[in-house]
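Being a predicted model, the structure only gives us computed values, none of them experimental. Ligands are counted one by one from 1 in listed order, and the atoms in each one are counted from 1 as well.
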Amino acid sequence: MLGREGAALEEEIAALCGVAHGVGVASGTDALILALRACGVQAGDEVLLPTSTFVATGSAVSALGAKLVFADIRPETSNIDPTELERRVTPRTRAVVAVHLYGLAADMDAIVSFAKARKLPLIEDNAQAIGAIYKGRRTGSFGNAACLSFYPTKNLGAYGDAGMVVTNSAELAARIRTLRNHGQTAKYLSSEPGWNSRLDEMQAAILRVKLRHLSDWRRARRSNAAEYTRLLQQVPGIMPPFKPEGCEHVYHQYTIRSEQRDALQQHLAAYKIGSTVYYPYPLHLQPLYASLGHKRGDFPHAERAAQEVLSLPMYPELRKDQIVRVVEAIAEFVKC
Ligand SMILES: Cc1ncc(COP(=O)(O)O)c(C=O)c1O
């Protein structure tokens, strides 16, 4: 049902991102599909996106029948390398998707100026980075549209699936409102194909309560990350996450790099310390995209990241003694 809670949440999330409109949808994936479609992406078009991301970024492009054109990442940030956009753009390129991976903004100055110069719509995949800041502005306010996920594990998570598109364009917002509700422009009058992608009222109500805590949770994540980084700086062979000047990371993930990642992960597991690899396969090496004909070596920075990244326990309630325990276990591994 589209009701008062959803409408209020749309306003609150749009305000948080510093944009005019929010349109609640059923998931972050739907947010991407609908934003791309509202920006005019159609079957056969090319869409530029980083190869290091969750598969949903890619599936949204393929759901429209568009072609994924991958870009490599910057090794320090794991975010898209803007110089790759220039290398990969063609006359068939119809849109750019920038992902703010792990909660750190991509290099928006360069990406925005590339998209503007080429008159290409820019969509931010802000699923992991709600509240992040790039040079004084919130992520989600740079593109023609930005997509959020409220999947339960996200920094702002519902008790089920939910997502949102935020935008400064009244026209795009109106189009996405139509598309999320069976293409209806008036009651029981549909002018184009859409489907049911409503953000559930119950989820909206839950998200509105949790939203009141988000800035405290963000602060707690930042403080946990600072403690990890302070302690890890003494541990050779471990690269803590890099935070470029002017960026406020929201640490959806605290992701280190190690050349012995798999052995390190096993070592941590022996101490019952959970850790996860986001993501073991860049999209260009996913069997799903084998038909695009990529091979190992095509995107070397993304491939190396896939071998080395490891996300450590990170949540607002994480205690300092738990962080010490994780770092001690890593230090013991490094000494062996
Ligand atoms: C980078 C990224 N994009 C898109 C999505 C898709 O969001 P959802 O799971 O809500 O469909 C996610 C999260 O799962 C994500 O991490």
| query | Should R118 and E86 be marked as a salt bridge (charged side-chain N to carboxylate O under 4.0 Å, His left out) after you check the CA-CA gap, both sets of side-chain angles, and the distance that decides it? | reply | CA-CA 10 Å; R118 303 270 176 174; E86 289 293 352; 2.8 Å; yes

Check: of A26, C147, A127, min heavy-atom distance to atom 15 (C) of ligand 1 comes from A127

task = Validate the cation-pi geometry between R325 and Y271: distance from NZ or CZ to the six-membered ring centre under 6.0 Å, angle to the ring axis within 45°.
result = no

Ligand 1 to T57, heavy atom cutoff 4.0 Å, flagged ligand atoms 3 (N)

Near A56 (heavy-atom distance under 4.0 Å), the atoms of ligand 1 are 4 (C), 5 (C), 6 (C)

Return yes or no for this condition: an N or O of T29 is under 3.5 Å from an N or O of ligand 1.
-> yes

**N or O contact, F150 vs ligand 1, cut-off under 3.5 Å** = no

**OP:** Output yes when a side-chain donor or acceptor of E124 lies under 3.5 Å from a complementary backbone atom of F142, and no otherwise.
**Re:** yes

Atom 14 (O) of ligand 1: closest protein heavy atom, distance to 0.1 Å, is K154 NZ, 3.0 Å

Honestly, for D125 the part within reach of ligand 1 (heavy atoms, under 4.0 Å) is side chain

message = Any heavy atom of H252 closer to ligand 1 than 4.0 angstrom?
response = no

Nearest heavy-atom contact between D298 and R88 is O-NH2, 4.1 Å

Check: F299 ring centre within less than 6.0 Å of H294 ring centre
yes

Next on the checklist: Please determine whether a side-chain nitrogen of the Lys or Arg among R175 and E192 lies less than 4.0 Å from a carboxylate oxygen of the Asp or Glu.
Outcome noted: yes

